[in-house]
Structure formats: C-alpha cells, structure tokens
S.K.: 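Here you go, one structure.
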Amino acid sequence: MILAIEIPKPLPSFARFYKISKRRLDDISTLAAGFSVDLETVLSPIGDHRGSAHYRREAAKSLFEKFLWEYETAA
C-alpha cells in the first residue's frame with residue numbers, strides 16, 4: 001500500500017503522464033508512466049579555457065540524444 005508520494009520542489013519544467021488502456025474512459029490501465037525533466041537546471045555548464053558554456057550545452061544535448069538512441073536500440 002502506498003501511503004504517500006513526495007515530489008521535491010521546485011517542480012520540473014517539463015513533465016508528462018501517459019496511460020495506455022484499451023478504452024479511453026476505462027479506469028484500469030494496461031500501463032501508466034510519468035516522466036519529468038528539468039533541462040534549465042540540468043544543462044547549465046560553465047565556460048572556461050577548455051570549452052565555452054554554449055559548446056558544452058550543445059555537446060551535452062548531443063550525448064543525451066546518443067544515450068536515448070542507444071537505449072532505444074538496445075530495447
């Protein structure tokens with residue numbers, strides 16, 4: 001029995017909840033999932049002599065896309 005769910009604040013900037021069921025109005029779902037991402041605070045790199053903040057942000061986005069692609073390929 002779940003007694004409580006704690007959600008830390010501040011809330012993420014992008015959150016979605018998805019439900020899969022055979023009928024739209026059916027209370028019983030086959031699968032339910034929630035995802036949240038806070039890209040404003042996750043991707044805030046600093047710039048220095050090794051790379052600018054802009055370069056690091058774009059590189060981080062690229063690596064994240066690579067991670068998602070590899071995850072989808074492995075599944």
Side-chain angles (χ1 to χ4, degrees):
M1 178 184 325
I2 298 174
L3 300 176
I5 297 175
E6 293 185 25
I7 301 173
K9 291 187 179 182
L11 299 175
S13 62
F14 188 79
R16 294 291 185 268
F17 177 79
Y18 301 98
K19 175 183 170 183
I20 298 175
S21 63
K22 292 184 179 186
R23 295 177 290 205
R24 284 185 185 236
L25 301 176
D26 193 359
D27 287 339
I28 301 170
S29 63
T30 304
L31 175 71
F35 302 96
S36 66
V37 177
D38 193 351
L39 296 177
E40 283 79 35
T41 59
V42 174
L43 296 177
S44 298
I46 62 168
D48 63 17
H49 66 280
R50 294 170 292 178
S52 68
H54 175 74
Y55 170 79
R56 289 179 176 182
R57 186 178 306 106
E58 295 303 313
K61 289 178 186 178
S62 177
L63 291 176
F64 186 67
E65 289 172 358
K66 180 179 179 179
F67 166 77
L68 290 177
W69 181 84
E70 289 178 354
Y71 178 77
E72 291 172 356
T73 302

S.K.: Of all residues at least two apart in sequence or in a different chain, which pass the side-chain contact (heavy atoms from CB on, under 4.5 Å) check with Y18?
M.R.: R16, F35
S.K.: Once side-chain contact (heavy atoms from CB on, under 4.5 Å) is applied, do any residues pair with A32, and if so which ones, sequence neighbours excluded?
M.R.: F17, S29
S.K.: Just jot down the side-chain contact (heavy atoms from CB on, under 4.5 Å) partners of I5, sequence neighbours excluded, or say none.
M.R.: I2, I7
S.K.: Given a cutoff of under 4.5 Å between side-chain heavy atoms of I, L, V, M, F, W and Y, with clusters grown through shared members, what are the other residues clustered with L3?
M.R.: M1
S.K.: How many angstroms lie between atom CG of L68 and atom OG1 of T73, to the nearest 0.5 angstrom?
M.R.: 10.5 Å
S.K.: Among pairs that include at least one residue of residues 53-65, which meet salt bridge (charged side-chain N to carboxylate O under 4.0 Å, His left out), considering only residues two or more places apart or in two chains?
M.R.: D48-R56, E58-K61
S.K.: For F67, which residues count as a side-chain contact (heavy atoms from CB on, under 4.5 Å) partner, sequence neighbours excluded?
M.R.: F64
